[in-house]
Amino acid sequence: MTVNFDDETAQRRNGSADGQATPSEALMSDVVEEQELGAVDMVLGLGEPQRVGRFRFFLDGQRWEWSDAVARMHGYEPGQVEPTTELLLQHKHPEDRERVAAVLDHVLKGKPFSSRHRIIDTAGHTRCVVVAGDRMVDDSGALAGTSGFYVDVTDSLHTDITNVLEAVADARAKIEQAKGVLMSAYGISAERAFDLLVWRSQETNMKVRDLAARFLVAVAGKASPDTRTHVDHALLTLE
């Protein structure tokens, strides 16, 4: 049996004969929108080639094929194991059981799909993957199975989390600095200083962190010589 894998790929790129989007084009559009990634970034821009790999599932014999990259994502050396449906289920994350079951159902029925879920490799490490696939046909046009790709987004996910945490820490620092200025200027408590920031954020329709940052910029360098003298004295006479 000959599978028209390459021909189908070319048809996807050029669109269907009637000018309408093919199921694969619609699938890729959905995946890109869902993951907020550009098409090029999704397949090529995530870094090392081992982060992206191909798979095929043949209805005849319920046979799977993994590229070397997909095997490594699961913790195996290329050719070390023969992938099976049972093996895929063994690597699913317990909390993603229903999601993986839905993906496998689409694979077995040759339906287009896209999913973001977690797998656990042979070393026990949890990896976050984007998996997308579409129907695969033979030379007569009959359904032969499913073909698609895996993208390992674990590192990019960790980067996103790190960036968020750093942004939160930076925002918190600015808010604390702004509170300190207000506490010193008005002789009020930290709680009342924060209430002032919240009040102004509501009036200006700005987030508290943005208001705090702009407030600090506004007051920076505006202290009078007398104020700086008092600060110098307080700082240098502390014991």
Side-chain angles (χ1 to χ4, degrees), residues 1-16 18 20-39 41-44 46 51-76 81-121 126-154 156-157:
M1 177 179 67
T2 302
V3 177
N4 294 335
F5 186 76
D6 293 333
D7 291 343
E8 187 183 9
T9 301
Q11 291 170 6
R12 290 191 194 122
R13 291 172 180 163
N14 297 328
S16 59
D18 59 5
Q20 299 296 316
T22 66
S24 295
E25 289 171 333
L27 164 68
M28 286 303 300
S29 177
D30 290 343
V31 174
V32 170
E33 181 178 355
E34 177 184 351
Q35 306 303 331
E36 298 180 353
L37 296 170
D41 287 339
M42 168 165 283
V43 181
L44 299 176
L46 291 176
R51 303 283 176 86
V52 182
R54 279 281 188 181
F55 77 88
R56 298 185 191 183
F57 172 75
F58 296 86
L59 291 172
D60 184 17
Q62 302 285 292
R63 183 170 56 87
W64 290 85
E65 288 183 357
W66 280 352
S67 69
D68 293 350
V70 174
R72 290 193 177 98
M73 288 179 198
H74 289 80
Y76 300 105
V81 296
E82 181 176 344
T84 64
T85 301
E86 291 73 19
L87 185 64
L88 264 69
L89 290 173
Q90 290 175 16
H91 284 281
K92 70 180 180 300
H93 192 284
E95 295 178 4
D96 293 344
R97 185 185 305 272
E98 293 184 4
R99 189 175 304 176
V100 174
V103 169
L104 286 175
D105 181 65
H106 280 70
V107 170
L108 296 173
K109 293 180 180 179
K111 294 181 178 180
F113 71 90
S114 63
S115 173
R116 182 168 181 159
H117 57 266
R118 292 164 293 177
I119 61 175
I120 301 176
D121 66 19
T126 298
R127 311 208 64 79
C128 185
V129 295
V130 172
V131 186
D134 199 359
R135 65 196 306 268
M136 185 170 59
V137 298
D138 60 21
D139 50 4
S140 68
L143 179 65
T146 301
S147 66
F149 61 83
Y150 277 69
V151 183
D152 185 343
V153 297
T154 307
S156 60
L157 180 64

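Hydrogens, waters and symmetry mates play no part in the numbers below; they use all other heavy atoms, side chains included.
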Legend entry - Within-4.5 Å side-chain heavy-atom neighbours: Arg116 and Cys128: yes

Inset, instruction - For a side chain to side chain donor-acceptor pair (under 3.5 Å) with Arg118, tell me which candidate from Thr154, Asp96, Thr126 qualifies. - result: Asp96

Inset, instruction - For residues Ala69 and Gly53, report the shortest heavy-atom separation together with the two atoms involved. - result: CB-CA, 3.8 Å

Legend entry - Atom pair CD1 (Ile120) and NZ (Lys92), whose distance is rounded to the nearest 0.5 Å: 9.0 Å

Inset, instruction - Drop me the distance from His117's NE2 to Glu95's CD, to the nearest 0.5 angstrom. - result: 14.0 Å

Inset, instruction - Fit a plane to each ring of Trp64 and Phe57, take the angle between them on a 0 to 90° scale, and name the class: parallel (under 30°), tilted (30 to 60°) or perpendicular (over 60°). - result: tilted

Legend entry - Shortest non-hydrogen contact between Asp134 and Pro112, atoms and distance: OD1-CG, 3.2 Å

Inset, instruction - Quick one: do Arg56 and Trp66 satisfy side chain to side chain contact (heavy atoms under 4.5 Å, CB included)? Show the steps, please. - result: CA-CA 7 Å; Arg56 298 185 191 183; Trp66 280 352; over 6 Å; no

Inset, instruction - Could you give me the CA-CA distance, side-chain angles and deciding distance for Phe113 and Val107, then say whether side chain to side chain contact (heavy atoms under 4.5 Å, CB included) is met? - result: CA-CA 8 Å; Phe113 71 90; Val107 170; 3.5 Å; yes

Legend entry - Closest contact, heavy atoms only, Ser115 versus Val103: CB-CG2, 3.3 Å

Legend entry - OG on Ser67 to CZ on Phe149, rounded to 0.5 Å: 12.0 Å

Legend entry - Inter-residue atom distance Phe55.CZ - Ser147.OG, 0.5 Å rounding: 7.0 Å

Inset, instruction - For side chain to side chain contact (heavy atoms under 4.5 Å, CB included), just list the numbers for Leu59 and Leu143, CA-CA rounded to whole Å, side-chain angles, deciding distance to a tenth of an Å, and then say yes or no. - result: CA-CA 8 Å; Leu59 291 172; Leu143 179 65; 3.8 Å; yes

Legend entry - Closest heavy-atom pair and its distance - Gly148, Arg54: O-CD, 3.1 Å

Inset, instruction - State the NE2-CD1 distance between His93 and Ile119, to the nearest 0.5 angstrom. - result: 11.0 Å

Inset, instruction - Taking all non-hydrogen atoms of both residues into account, name the closest pair between His106 and Thr146 and its distance. - result: O-OG1, 4.2 Å

Legend entry - Test log, rule side chain to side chain contact (heavy atoms under 4.5 Å, CB included), inputs Leu87 and Val81: CA-CA 9 Å; Leu87 185 64; Val81 296; 3.9 Å; yes

Inset, instruction - Can you measure from CG (Leu104) to CG (Leu89) and round to the nearest 0.5 angstrom? - result: 5.5 Å

Inset, instruction - Scan residues 103-112 for pairs that pass salt bridge (charged side-chain N to carboxylate O under 4.0 Å, His left out), counting only residues two or more places apart or in two chains. - result: Asp105-Lys109

Inset, instruction - With sequence neighbours left out, write down each residue that passes salt bridge (Lys or Arg N to Asp or Glu O under 4.0 Å) with Arg127, or none if nothing qualifies. - result: Asp152

Inset, instruction - Take the angle between the ring planes of Tyr76 and His91 and call it parallel below 30°, perpendicular above 60°, tilted in between. - result: perpendicular

